[in-house]
Trainee: 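Structure incoming, see below.
All values reported here derive from a predicted model rather than from experimental measurement.
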Amino acid sequence: MQPSPSPRTGPLSGLVVVELTNVMAGPVGGLLLADMGAEVVKVERLPGGDDTRRAIPPEIQGESATFMIVNRNKRGIAVDLKHPDGLQVVRRLIDKADVVIENFRPGTMEKLGLGYDVLRASNPALIYCKITGFGLNGPYAKRAGYDLIAQGMSGIMSLTGEGPGRPPVKVGVPIGDVTAGILASTGVLAAYIERLRTGEGQYVDTSLYEASLVHTYWQVAMAFATGESAGPMGSAHPVAAPYQAIPTQDGWINIGAVSQATWVGMTRVLQLEHLLEDERFASNRERMANRDLLIAIISEAMRSNTTDYWVEKFEQAGVPAGPVRKIKDMLEDPQTLARDMVIEVDHPVAGPVQALGLPIKFSHGNGVTRRGAPQYGEHTAEVLQELGYSSEDIAALAASQAVQLHGR
C-alpha cells in the first residue's frame, strides 16, 4: 500500500498508519500523524462504525460534526472483525503498515487474533500503540476508561472549581482524551526514531489516566513538599499572584504579573504604585499570603474600564494579559487565523467544513490537508485494491458482509 501522492505531504510522508480507534483519544493520535503527512487508514467496525458518527447534534448536512473534526486526512474502511475474511483483510493491511494505533479494551485485540505478539511475527518492524483507560498493568488495567472518570481519579476535578466546599468540576474540554492522543502520537514518533536506528518495532502504551495525571505537575510538587493536597482556586495559581482572571467593566481579563518587573508594571498601569511600598505585597510570598485582599484591590481598579482598554495598556507596559474569550471569539481572533489554526476541508456530503489546523509548524514540509473525514466505508474498495484484492474478491467480501463498500 502506497501513500497518496501530494506536493506537500509533510515530514511523516511515507509512514503508513492503521487506526483501529473510536471516539476521541485514538482518533486524535491518528489525526496528528495524518496532518504531519502520514497515510492513515481508519478501520471502523461493521456494523455501526465509530460511535461519534451518531453523536448528533451537532451536525452539518446530517454528518456528525464531532466525527468530522478529528478524522480528516484519513481514509476509511468498514470491516467486520468477527468475520474470518474481514479479519484477514485487517491482517493484510497491518502486514504492510508501519504503525497500528488502537483503543479497544484490554484483551480485545488478542481475542481477535490481532495482538502484538501475533502481528509482529509477520511484521517485526511494526510499532503498535495502545491507548486504554488506565494502562496495561496495575489493579485498574481491565477497567473501561472515560475522560470524566480519568479527570476525577487523577485529582484534576478536586482542583477545578470556584473554591473549597463547592461541587467538583471537570475541565470543560476532554483533556484526558486529547492529551492521550497527543501522548500516543509522541510515543509513536519516539518508537519510529528508534526503529530508524535499529530496524525494530515495539509496543507503545499510554492511558487516559496518565494523560490526566501529567497535568498536575504543580499540585504534585506541592503535595511532595507539604504532604497536603491542594484544592480548587478558581482561575488563581497555586504558587504565584496575581495570576488569574479579573473582572473588568465589560468582561474578564487574565493577568500574569508574577515576576517583580511585571508586578511593578501592573501597579503603574492601574495607578496603584502605593502597593509597591506595602509590606503585605513586597514579594510573591507576601502577595500569595494576602492574595484575596490583593485581588480585591486590583478588581476594583480594573472595573473602571473595558477589557480591550486594559489589554492594550498592559501590552504597552509589557505585562502579560489577555481576554477571557468564548470559543467563537477565539476562532475569529487574528492570531488564530494567522497561525492557520482554522482551516477548511472538503467533505463529499457536508461540503466545505471548517476545522482546527495542525498546532505544529515546520520550516519546510508542513502537512497538507488532503481530504475531509471519510464517509463510512468510503475507501474500502480502494484500500482493498491496493492490498491486491481483485474486483471479484472485493465483490465477494461485500456480499458476505465481511466489509462494507461506500454507498452500499
Trainee: Rounded to the nearest 0.5 Å, what separation is found between the CG atom of Leu208 and the CD1 atom of Ile175?
Mentor: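 Between atom CG of Leu208 and atom CD1 of Ile175 there are 12.0 Å.
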Trainee: Measure across Val258 and Arg287 and return the closest heavy-atom pair with its distance rounded to 0.1 Å.
Mentor: O-NH2, 4.3 Å
Trainee: Measure from the side-chain N and O atoms of Arg195 to the backbone N and O of Ala125, and report whether any donor-acceptor pair falls under 3.5 Å.
Mentor: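 Side chain of Arg195 to backbone of Ala125: a pair is present.
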Trainee: Considering all heavy atoms of both residues, which atom of Asp147 and which atom of Asp177 are nearest to each other, and what is their separation?
Mentor: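 Heavy atoms only, the tightest pair is OD1-N, 3.1 Å.
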Trainee: Looking at Asp250 and Thr307, would you say the former's side chain and the latter's main chain have a donor-acceptor pair under 3.5 Å?
Mentor: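 A pair under 3.5 Å: yes.
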Trainee: What residue among Val90, Ile394, Asp85, Leu384 forms side-chain contact (heavy atoms from CB on, under 4.5 Å) with Val403?
Mentor: Leu384
Trainee: Give me the atom names and distance for the closest heavy-atom approach of Ala230 to Leu159.
Mentor: O-CD2, 3.5 Å
Trainee: Find the distance between CD (Gln401) and CG (Leu46) and round it off to the nearest 0.5 Å.
Mentor: 7.0 Å
Trainee: If you draw a 6.0 Å radius around CD in Glu277, do more than 12 non-hydrogen atoms from other residues or ligands fall strictly inside?
Mentor: no
Trainee: Not counting sequence neighbours, which residues clear side chain to side chain contact (heavy atoms under 4.5 Å, CB included) with Pro320? List them please.
Mentor: Thr262
Trainee: Please verify the inter-ring angle class for Tyr128 with Tyr203; under 30° counts as parallel, over 60° as perpendicular, anything in between as tilted.
Mentor: parallel
Trainee: With heavy-atom distances below 4.5 Å as the criterion, would you say the side chains of Ser212 and Thr179 are in contact?
Mentor: no
Trainee: Could you walk me through whether Leu20 and Met109 pass the side-chain contact (heavy atoms from CB on, under 4.5 Å) test, one step at a time?
Mentor: CA-CA 10 Å; Leu20 294 112; Met109 290 287 279; 4.2 Å; yes
Trainee: Taking atom CG of Asp98 and atom CD of Glu39, what is their separation to the nearest 0.5 Å?
Mentor: 11.0 Å
Trainee: Can you check whether Gln335 reaches Met341 side chain to side chain, under 4.5 Å on heavy atoms?
Mentor: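 SC-SC contact between Gln335 and Met341 ruled out.
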Trainee: Around atom CD of Glu279, are there more than 12 heavy atoms of other residues, nucleotides or ligands at under 6.0 Å?
Mentor: no
Trainee: Side chain of Asp340, backbone of Gly357: donor and acceptor closer than 3.5 Å?
Mentor: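 Not confirmed, Asp340 side chain does not pair with Gly357 backbone.
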Trainee: Do Val99 and Tyr192 have side chains that approach each other closer than 4.5 Å (heavy atoms only, starting at C-beta)?
Mentor: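 SC-SC contact between Val99 and Tyr192 ruled out.
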Trainee: Would you say the side-chain atoms of Glu44 pair up with the backbone N or O of Asp50, donor to acceptor, closer than 3.5 Å?
Mentor: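 Side chain of Glu44 to backbone of Asp50, a donor-acceptor pair under 3.5 Å: yes, one is there.
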Trainee: Do we get Arg92 above Tyr389's six-membered ring, with its NZ or CZ under 6.0 Å from the centre and within 45° of the axis?
Mentor: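 Arg92 over Tyr389 ring: yes.
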Trainee: Side chains of Ile101 and Leu33, heavy atoms from C-beta outward: is any pair under 4.5 Å?
Mentor: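 Yes. Closest side-chain heavy atoms under 4.5 Å.
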Trainee: Please indicate whether Gln249 has more than 12 foreign heavy atoms, meaning atoms of other residues, nucleotides or ligands, lying under 6.0 Å from its CD.
Mentor: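 Above 12, so yes.
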Trainee: Could you check whether any side-chain N or O of Glu382 sits under 3.5 Å from a backbone N or O of His379, counting only pairs where one atom can act as donor and the other as acceptor?
Mentor: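 Between the backbone of His379 and the side chain of Glu382 there is no qualifying donor-acceptor contact (under 3.5 Å).
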Trainee: Please check: side-chain N/O of Lys96 versus main-chain N/O of Val16, any donor-acceptor pairing under 3.5 Å?
Mentor: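 No: the side chain of Lys96 does not pair with the backbone of Val16.
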Trainee: More than 12 foreign heavy atoms under 6.0 Å from CD of Gln354: is that the case here?
Mentor: no
Trainee: Quick one: do Glu273 and Arg268 satisfy side-chain contact (heavy atoms from CB on, under 4.5 Å)? Show the steps, please.
Mentor: CA-CA 6 Å; Glu273 291 95 333; Arg268 290 173 177 169; 3.9 Å; yes
Trainee: Output yes when a side-chain donor or acceptor of Gln151 lies under 3.5 Å from a complementary backbone atom of Val171, and no otherwise.
Mentor: yes
Trainee: Do Phe281 and Thr267 come within less than 4.5 Å of each other through their side chains, counting heavy atoms only?
Mentor: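 Answer no - side chains too far apart.
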Trainee: List the residues meeting salt bridge (charged side-chain N to carboxylate O under 4.0 Å, His left out) with Glu102, not counting sequence neighbours, and say none if there are none.
Mentor: Lys130
Trainee: Around atom CZ of Arg166, are there more than 12 heavy atoms from other residues, nucleotides or ligands closer than 6.0 Å?
Mentor: no
Trainee: Under 4.5 Å between any side-chain heavy atoms of Arg339 and Lys361, yes or no?
Mentor: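 Result yes, sub-4.5 Å side-chain heavy-atom pair found.
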Trainee: Within the 4.5 Å heavy-atom criterion, are Leu270 and Trp310 side-chain neighbours or not?
Mentor: yes
Trainee: Would Thr248 and Thr306 satisfy side-chain contact (heavy atoms from CB on, under 4.5 Å), going step by step from the backbone distance to the final call?
Mentor: CA-CA 6 Å; Thr248 66; Thr306 66; 5.7 Å; no
Trainee: Taking atom NZ of Lys170 as the centre, does the number of heavy atoms from other residues, nucleotides or ligands within less than 6.0 Å exceed 12?
Mentor: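 Yes, enclosed.
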Trainee: Are Glu386 and Arg75 within salt-bridge range, i.e. N to O under 4.0 Å?
Mentor: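 A salt bridge is present here (some side-chain N lies under 4.0 Å from a carboxylate O).
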Trainee: Between Asp51 and Arg45, is the closest basic N to carboxylate O distance under 4.0 Å?
Mentor: yes
Trainee: Quick one: closest heavy-atom pair of Gly26 and Asn103, and the distance?
Mentor: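 Looking at all heavy atoms of both residues, the shortest contact is N-ND2, 3.8 Å.
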Trainee: For the residue pair Pro352 and Asp346, what are the closest heavy atoms and their distance?
Mentor: CA-OD1, 4.0 Å
Trainee: Looking at CZ of Arg91 and OG of Ser122, how far apart are the two atoms once the value is rounded to the nearest 0.5 Å?
Mentor: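 That separation rounds to 4.5 Å.
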Trainee: Return the OH to CD distance between Tyr116 and Gln202, rounded to the nearest 0.5 Å.
Mentor: 7.0 Å
Trainee: Would Thr216 and Gln219 count as having a side-chain donor-acceptor pair, cut-off 3.5 Å?
Mentor: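 Thr216 vs Gln219: no donor-acceptor pair found between side chains.
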Trainee: Contact between Leu93 and Val43 at the side-chain level, heavy atoms closer than 4.5 Å - yes or no?
Mentor: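 Yes, at least one pair of side-chain atoms sits under 4.5 Å.
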Trainee: Evaluate whether atom CD of Glu162 has more than 12 neighbouring non-hydrogen atoms of other residues, nucleotides or ligands under 6.0 angstrom away.
Mentor: no
Trainee: Does a donor on one side chain sit under 3.5 Å from an acceptor on the other, for Glu19 and Thr21?
Mentor: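 Thr21 and Glu19 do have a side-chain donor-acceptor pair below 3.5 Å.
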Trainee: Search all heavy atoms of Asn71 against all heavy atoms of Pro374 and return the closest pair with its distance.
Mentor: O-CD, 3.3 Å
Trainee: For the backbone of Ala301 and the side chain of Ser304, can you confirm whether one donor and one acceptor N or O come within less than 3.5 Å of each other?
Mentor: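 Present.
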Trainee: As a quick check of understanding, evaluate side-chain contact (heavy atoms from CB on, under 4.5 Å) for Val17 and Leu15, giving each step before the final call.
Mentor: CA-CA 6 Å; Val17 179; Leu15 189 74; 4.1 Å; yes
Trainee: How long is the straight-line distance from OG1 of Thr66 back to CZ of Arg53, given to the nearest 0.5 Å?
Mentor: 10.5 Å
Trainee: Ignoring hydrogens and angles, tell me if any N or O in the side chain of Glu286 forms a donor-acceptor pair with the backbone of Ser283 under 3.5 Å.
Mentor: yes
Trainee: Tell me whether Phe134 at atom CZ has more than 12 heavy atoms from other residues, nucleotides or ligands lying less than 6.0 Å away.
Mentor: yes
Trainee: Is there a donor-acceptor contact under 3.5 Å from the side chain of Ser235 to the main chain of Ala245?
Mentor: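 Checked: pair present.
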